[in-house]
Every structure is written in structure tokens, then in C-alpha cells.
Amino acid sequence: MDAPTKTTSDAVDLQAEFTASGLADVFDELDRDLVGLVPVKLRLREIAALLLVDRARARFGLSAISPTLHMSFTGNPGTGKTTVALRMAEILHRLGYVRKGHLVTVTRDDLVGQYIGHTAPKTKEILKKAMGGVLFIDEAYYLYRPENERDYGQEAIEILLQVMENQRDDLVVILAGYGDRMERFFTANPGFRSRVAHHIDFPDYSERELYAIGGRILDGMNYTLSPEAEEALTRYIAIRAKQPHFANGRSIRNALDRARLRQANRLFASGRPVTVEDLTTIAAEDILASRVFSGGIDSYPPIRTESAA
Amino acid sequence: MRITQGAFSFLPDLTDEQIAKQIQYCIDKGWAVNIEFTDDPHPRNTYWEMWGMPMFDVKDAAGVLFELNECRKTYGGRNYIRVTAFDSTHTWESVRLSFITDRPAEEPGFALDRQEVDGRNVRYTTRSYAAMSRPEGARY
Amino acid sequence: MTTTALETKTAEKKRDRYSAGVMEYRKMGYWQPDYEPKDTDVIALFRVTPQDGVDPIEASAAVAGESSTATWTVVWTDRLTACDKYRAKCYRVDPVPNTPGSWFAYIAYDLDLFENGSIANLSASIIGNVFGFKPLKALRLEDMRLPVAYVKTFDGPATGIVVERERLDKFGRPLLGATVKPKLGLSGRNYGRVVYEALKGGLDFTKDDENINSQPFMHWRERFLYCMEAVNKAQAATGEVKGTYLNVTAGTMEDMYERAEFAKQLGSNIIMIDLVIGYTAIQSMSKWARRNDMILHLHRAGHSTYTRQKSHGVSFRVITKWMRLAGVDHIHAGTVVGKLEGDPYTTKGYYDLCREDFVPQNLAHGIFFDQPWASTRKLMPVASGGIHAGQMHQLIDLLGEDVVLQFGGGTIGHPMGIQAGAQANRVALEAMIFARNEGRDILSEGPEILKAAARHCMPLKQALDTWKDVTFNYTSTDTPDFVPQVTAAE
């Protein structure tokens with residue numbers, strides 16, 4: 001970032017800074033790309049404003065230490081945590097808080113080794129890759145397994161904490177996962193709680209928002225719903241959202257993928273030439289064939305464990 | 001004496017900030033950066049010990065500096081440490097930049113042995129003073 | 001037309017073509033405007049200046065003929081051969097921009113016209129006879145496209161840039177050298193002193209000059225012995241690999257081999273030869289260098305007699321290509337800013353031909369054809385002649401980092417002595433590369449960067465003061481014919 005010159009340094013125009021940093025574009029994009037998430041977007045703006053002000057203060061010598069920027073993102077799967085983390089990396093980059101602005105997404109397996117002496121190099125490897133950007137640790141609580149006292153996760157935690165404390169200029173860590181489990185994780189590892197400055201909670205989507213997400217997904221792939229199919233999708237969402245293993249936006253995408261599969265089968269089986277309209281239209285039957293409507297859970301491949309957020 | 005291997009030995013010792021900029025130059029070129037150290041800086045001692053493996057996917061110099069500092073914790077002040085950048089581009093596939101970041105507190109240098117052989121011929125042998133009397137690891 | 005009628009007609013044509021007597025070259029098959037060169041053809045581009053009244057196409061066809069199968073009259077023995085294949089084919093003749101009376105002739109040669117791996121054969125064909133041909137006022141070989149099929153029959157540089165750097169353990173910056181001065185008259189003992197001082201001060205290489213061979217004032221063995229003492233002593237003093245180009249040029253191959261063997265025995269990592277020893281001798285020395293892990297430096301002594309004038313001779317870009325095939329590791333390729341001939345764009349063309357694996361056509365740099373090198377090792381260009389530390393930013397900007405910068409006078413002429421001169425050059429070089437890597441614009445900030453570096457290096461300060469205003473601003477004679485529009489305002 002450019003240092004201010006003497007002549008203009010008696011006042012800082014925050015709006016102008018906001019525009020100059022290109023943050024407006026980032027937020028526009030965020031609004032465009034992500035349905036709903038009003039509280040999350042609000043928090044993001046607050047954080048951006050805080051950082052802008054911090055930066056302005058630093059110019060007048062009002063704050064000397066670099067701010068703690070590590071964060072936690074809590075919420076159910078499919079609520080947009082990774083997408084927002086990507087934007088967050090960009091926001092931090094534009095404000096000059098990280099040098100490169102890339103996002104490295106990992107889970108326990110990327111950090112913790114299989115045998116003694118394996119964990120430290122693995123964790124360091126990831127930390128090195130993330131430096132200059134943002135490290136996003138999904139389901140961070142899996143790092144901590146108190147039931148196994150020899151668990152190598154503890155080693156990863158110690159290295160993480162050290163780097164989070166000593167190299168705040170070099171990288172920002174975002175810890176993510178289900179809200180209740182994150183809370184237990186922070187209680188058991190107060191070192192993390194004290195190093196995380198911003199907590200953002202991601203609410204589940206309403207049925208209306210989920211429908212809107214479906215619409216965007218289809219738009220993006222050049223499909224439309226017939227009027228009957230629209231009605232079917234609304235009903236599908238109402239039922240699916242109350243079932244276990246519901247993953248918000250991701251479940252909607254999966255449901256639509258399966259609908260496309262059925263549509264393709266239907267067109268192929270019809271044996272008649274197809275028009276552009278045929279090719280782009282999802283019919284009600286493509287959705288109604290789902291097991292959801294007969295009391296089953298709509299998931300393929302069959303569910304093994306809880307999928308990652 | 002001051003050994004002058006590497007690209008920047010004629011400049012004053014580099015600060016971490018300067019080292020970071022040179023490393024970032026290498027990373028931005030797509031080269032993998034490695035940290036190496038030795039207590040025998042003989043001009044023909046090609047293979048300094050590797051501090052871990054070359055860092056292939058690091059985006060920011062801070063990642064390399066992190067390892068450099070780890071290496072310094074163990075070998076700083078007792079060994080030479082250098083940063084070496086590898087370019088995998090076809091028809092190069094070798095080192096592109098190499099420079100010394102750390103030196104031992106004292107640099108004893110080298111002895112030149114001359115063996116007079118047939119006629120006026122001389123066979124020359126350069127030997128590191130550091131490596132003459134003591135084994136690897138106990139030299140500085 | 002029936003088959004028989006067609007055959008009769010072709011037979012008649014053949015009879016016309018081969019009736020005894022004199023015939024225009026263009027009618028003998030040496031002018032084929034529809035010919036599309038094959039990927040395996042060698043292509044030559046000539047600048048043809050016909051005598052007044054001679055048709056440019058006929059003149060160009062004559063060049064094709066005289067550089068391949070033709071003689072001045074029709075010979076029936078052609079018909080014992082697949083002569084259509086062996087005939088060189090001129091397929092395009094363009095007027096030279098802004099030069100009335102001169103023409104660019106493109107001529108394609110079948111691969112079978114040339115012996116594998118022989119510059120002597122290639123050059124005997126292409127420039128053997130034709131340059132004295134009377135109907136031409138002047139003729140210049142501007143460029144050649146060497147097909148991969150032919151390139152692969154040569155071993156190329158014995159060492160190449162990458163392996164040279166690996167052997168020297170020097171990466172990421174130009175290498176520094178100096179030619180020992182005075183060129184002539186120093187005794188072996190005094191000569192070695194210059195080598196030691198320069199290498200210890202910070203140079204990577206010192207160099208014999210082209211005419212240092214074995215003269216009354218210093219026989220070659222004396223020079224080799226004292227130089228190697230200097231090299232080894234400087235190596236121990238700095239911990240760096242050092243070298244000195246021992247010139248093995250001599251009157252016979254036997255003498256050259258003897259000198260090269262002695263250099264090897266003494267542990268030298270590099271020897272040198274002069275261009276005047278001839279292409280075959282160069283290729284022989286390259287073979288020797290390859291067998292003996294030796295870097296082979298070529299001094300382009302004599303080249304300006306035929307490369308400098310634009311109207312007649314052989315362009316240096318062709319010599320560069322031949323030398324990369326012939327297998328030398330270093331070649332003097334111009335400095336642009338120094339005392340010797342060198343237009344910046346033309347010189348850039350030479351450097352690309354030395355160092356790139358594929359050189360695309362670039363008329364503004366004088367490169368007429370795409371030239372694939374098919375992984376032939378890279379040839380290290382050497383910039384030498386009238387350059388000094390104060391030009392470091394320009395040199396690095398123009399020439400890049402894979403180059404040997406030779407500051408002969410700029411080292412030995414330093415007011416505080418040779419070591420000081422060498423140190424000044426090395427500090428200037430490292431400071432400039434360092435600044436470039438940090439992202440600074442060295443071309444515009446160069447003088448400041450040098451000044452800052454001089455603050456911790458008195459010898460550099462003295463060098464900058466001594467040579468601050470020395471430049472050689474003369475117009476180049478060998479310039480590209482095609483000027484990029486954007487540079488017009490320069």
C-alpha cells in the first residue's frame with residue numbers, strides 16, 4: 001500500500017479508500033453470487049470497515065500492533081462458509097492485510113500425520129503454502145481428540161497456535177465447522193479462542209432462499225423448470241430440508257444434478273427428435289421421481305458419514 | 001576471509017527483508033526454493049545438506065523464511081546457509097539463483113597445497129581449513 | 001489428351017531442357033515460385049545485388065543454381081541423377097525495403113545436399129562458389145533456416161550454459177571476465193599476475209586475447225603454468241571456482257591438441273580458440289572439449305571482414321547459428337554499448353539465437369525464419385570491448401543474465417589497481433541484479449543503484465568517477481531492414 005504523502009495526511013477519506021481498494025466490487029460480487037446470508041454479509045462489511053479504520057489509524061500512528069485477523073466460521077454444511085472464506089481472502093488482500101490473497105482449504109488429514117514425526121512437517125508444509133494468504137481449516141475440531149491421548153492432532157494444534165501468534169503478518173487462519181462442536185473445541189483449547197478475533201455464524205437457508213439458489217444453479221447451466229416442475233421443486237425442498245443430512249445449497253445442487261440425469265434418460269427413451277426447448281427444460285416428473293416423495297432420503301451415492309461442510 | 005560463492009556475496013550481509021524479496025522473485029518465476037547448509041564450503045563441494053525438500057507450492061516468501069529461521073535455530077552461526085532456486089523449465093532444469101544468507105562467525109578459508117611433479121608442473125589441491133582437523137558437524 | 005500424347009509432350013520438354021548449350025537459370029528449374037519448402041529443407045536467404053541490367057529473378061535463380069547443382073552450361077550427366085531433387089529452388093524474390101537494386105532471394109535446399117554434422121560441407125555448398133559470380137555486384141547470406149533434421153546431426157555446444165553454470169556453481173547473474181592487457185608483450189610471470197589480481201578481486205574469468213598464442217615474449221607453456229597458478233591461488237583465496245580461457249589456437253591441429261591436453265593436465269576448466277582456425281578445426285576442438293569436460297570459448301577473430309558490411313558477405317547471425325551447431329560454448333556476440341559494431345536489435349537477434357531453444361521469426365531483429373534448436377545446448381554469449389561498470393544497468397537490461405560481461409580495460413585500467421577494478425565490477429553487477437530481482441526499474445534507476453552500491457565500495461565509486469562519460473556513439477553499419485513502427489519515435 002502506498003504511504004500517504006504529507007500534503008494529504010491531515011484527513012483520510014474512508015469512502016474513497018473503500019472505492020480505491022476495489023472492495024465495492026468484492027461486495028457486489030458477494031451479493032450477486034450468494035443468496036441470503038444477510039447477517040454474514042453484514043459482519044463482513046463490519047470487519048472490512050474496522051480494517052479500513054485500523055489502516056487509517058495506523059497512518060496517524062494511532063495503533064502500532066498489527067491486528068489479529070484469525071476467524072471462526074460456524075454453521076451447517078452448505079451454508080457458504082468456503083465461498084465466503086474465498087471472498088474474505090480477497091478482502092484482506094485488497095486491504096493489504098495479506099500479501100497474496102490465496103485460500104488454502106484443509107481438513108485434519110492434511111495437517112496430521114499417520115506416524116510419529118510425520119505431523120510437524122505436514123503441518124508446516126501447509127502453513128508454508130498458506131503464507132501470504134488465508135488458511136481455511138474445515139471441521140477444525142477434528143484436530144482435537146481428547147479420547148486418544150497419543151493423538152498426533154495435538155502436535156498440529158501447537159504448531160498452528162505458535163504460527164497464529166508469531167506470524168500474524170504472514171497468514172490468517174479461519175477455523176470452520178458446526179457451531180456446537182466449535183464451541184466445545186474452543187472451550188477445550190482456550191489458546192485458539194484467545195487468538196480468534198472474529199466469529200461469524202452462518203445460518204441455515206430458508207426454503208425460499210434454497211429455491212432461489214436452485215434457480216441460480218439452473219440458470220448457470222442453461223436449464224429452466226416447467227411450471228409444474230417449479231411446484232415440484234418447492235415441495236421437494238420443503239420435505240428434504242427437514243430430513244437428516246441436509247446440506248443446504250449443496251443438497252439442492254445434488255438434487256438438480258439427479259434431475260438432469262433423469263431428464264436425459266427421459267429424452268433418450270422417448271425415441272423422438274429433441275428440440276432446444278426439450279433439452280433445456282426440466283419437467284415435473286424429473287423431480288417427482290425422487291425418493292424423497294416416497295419417504296426415502298434422496299442421496300446418491302448412499303450416505304456414509306456426515307459429509308464435510 | 002569471506003567466501004564469495006553465490007550471487008550476492010559482494011554486497012553487505014542481507015537483511016531478512018532483503019532475503020524475502022529475492023525469494024519472492026524466485027517464487028514469482030515459478031521456481032522451487034530450497035535451503036541448504038554446510039560446514040565445508042569447498043568450491044567443489046556441490047552437495048550441501050538439504051534442509052527439508054525444495055518448496056514447490058509456496059506462494060509467499062514468508063513460507064521459505066519460516067524454514068530458513070528453523071534452519072538457523074539449529075545451524076545459525078556454525079554453518080553456511082544458502083538459498084537455492086530450481087527452475088524446471090525444459091532446456092534449463094537446473095538452479096537459477098543461489099545466494100548465501102548466513103555465514104559462520106568466523107571464516108577460516110582454504111589452504112592451497114602444491115605438489116611439484118614432472119617438469120615445472122604443479123598439482124593443486126584446495127583444502128578447507130575447517131574440514132582439515134575436525135569431522136563434519138564439529139567444525140565451527 | 002491421351003496418355004501417350006502426354007508422355008510425348010513431357011519427353012519433348014525434357015529434350016529442350018537438356019539440349020546442349022547455354023540456358024537461363026530460371027528456365028533450368030532454379031526458379032520455382034510455386035515451390036513450398038519442406039520441413040526438412042535448408043533455407044537460405046540472400047541479399048542479391050545484380051549487375052545493372054540483370055533481371056533480379058534470373059540473378060536469384062543463378063544464386064540457387066551456383067550454390068547447388070548448376071554450372072554455366074547444360075550438362076547431359078544431370079539426367080543420370082534425381083536432379084529435380086538436388087536442384088536448389090529459389091521460390092521467392094522480394095525487393096529489399098528502402099534499398100533500390102537489392103533483392104531478398106529465398107532459396108530452398110534439399111537435405112540430401114549436405115553431409116551430416118559438417119559446417120565445412122554446409123558452408124562450401126551455400127557460400128562456396130557463388131559469392132564471386134560475375135553477374136552479381138554483391139551478395140550477402142542474411143539468414144538460414146536449419147531444419148531440425150539437420151540440427152540433430154550436430155552435437156552442439158560441448159558444455160552449454162546450464163552445465164557451465166553447474167560446473168562453476170554460479171547462478172542468477174552474468175559472469176564477469178576480463179581480457180589480459182596489454183595484449184602483447186607481457187612475460188608469463190607478469191601475465192599470471194594480472195590473472196591472479198583480477199580473479200581474486202572478484203572476476204569469474206580472465207581471458208587470453210585472440211592473438212596471444214606462443215610468441216617470443218611468452219611461450220604458451222609459460223603462460224599456461226603461470227595462469228593456472230593464478231587461478232588456483234585465487235580460487236583458494238575466495239572459495240569460488242575461477243577460470244582463465246587458455247588460448248590453444250596454433251598453426252596445426254597437432255599443436256592445438258597438445259596445448260589443450262596441457263591445459264587439461266593443469267586442471268583448467270576452459271580453453272579458447274579463434275574463429276580464424278576454420279570450421280573443421282572448431283568442430284574438432286569441440287569434440288575434444290566434449291571428451292575432456294572442457295568449456296570451449298570462441299573468439300570471433302576476423303569475422304568483421306565478412307559480417308560487417310550489409311551488401312556483401314555473411315551475416316553474423318548465420319555465423320552464430322553455425323557455431324552453435326559446431327559446438328562452441330562461448331561466442332562474442334556484441335555489446336551494443338561498447339566500442340565494437342552492434343545495432344541493439346540485430347544484437348538481440350544474435351543473443352536469442354545463442355540462448356533460446358526456439359527462435360521465432362522477428363524481422364525487426366533480423367531473424368527471417370523460425371529456428372528450432374531441438375534441445376541443442378545453449379551457447380553463452382560474451383559481451384566484450386569498451387564496456388565499464390557505469391553501464392551495468394544498460395548491459396543487463398539489453399543482454400540479460402546469461403552472458404559473460406568482459407571488462408578488460410574497465411578492470412585493469414582502474415586507478416587503484418586490478419583487484420579494485422574487479423571488485424568494482426562485481427559489486428556493480430551484484431547490486432544491479434539484486435535491484436532487478438527486487439522489482440526495481442534498473443534502466444531508469446541504474447545510476448542511482450550504482451551510486452548507492454558505491455557507498456559501501458570505494459573502488460566502484462572510483463570506477464564511476466573515472467569512466468562516467470565514456471560512450472561509443474557511432475552509427476551501426478549492420479542494421480535490420482525492417483523497422484518496427486513503434487520504435488520510430490525513439
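Proteins come first, then strands; the chains are lettered A, B, ... in the order of their sequence lines, and each starts at number 1.
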Engaged part of B/Asn69 at the chain A interface, taking heavy atoms whose separation is under 4.5 Å =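 No part of B/Asn69 comes within 4.5 Å of chain A.
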Decide, yes or no, whether a salt bridge links B/Glu70 with A/Lys124 under the criterion of side-chain N to carboxylate O below 4.0 Å.
-> yes
Give the minimum heavy-atom separation between B/Ala62 and A/Arg99, together with the two atoms involved.
-> CB-NH2, 3.2 Å
Taking every non-hydrogen atom, the tightest pair across A/Lys100 and B/Gln24 | NZ-NE2, 3.1 Å
More than 12 non-hydrogen atoms from neighbouring residues, nucleotides or ligands closer than 6.0 Å to [atom1] on [X], yes or no?
X: B/Glu93; atom1: CD; answer: yes
X: B/Met53; atom1: CE; answer: no
X: A/Arg253; atom1: CZ; answer: no
X: B/Arg114; atom1: CZ; answer: yes

What's the spacing between B/Lys59 NZ and A/Leu171 CG if we round to 0.5 Å?
-> 13.0 Å
Quickly, which of B/Leu65, B/Asp60, B/Val58 forms a side chain to side chain contact (heavy atoms under 4.5 Å, CB included) with A/Lys128? Name it, please.
-> B/Val58
Relative to chain B, which segment of A/Val163 carries a heavy atom at a distance below 4.5 Å: side chain, backbone, both, or neither?
-> side chain
With only heavy atoms counted, which part of A/Gln167 is less than 4.5 Å from chain B, the side chain, the backbone, both or neither?
-> side chain
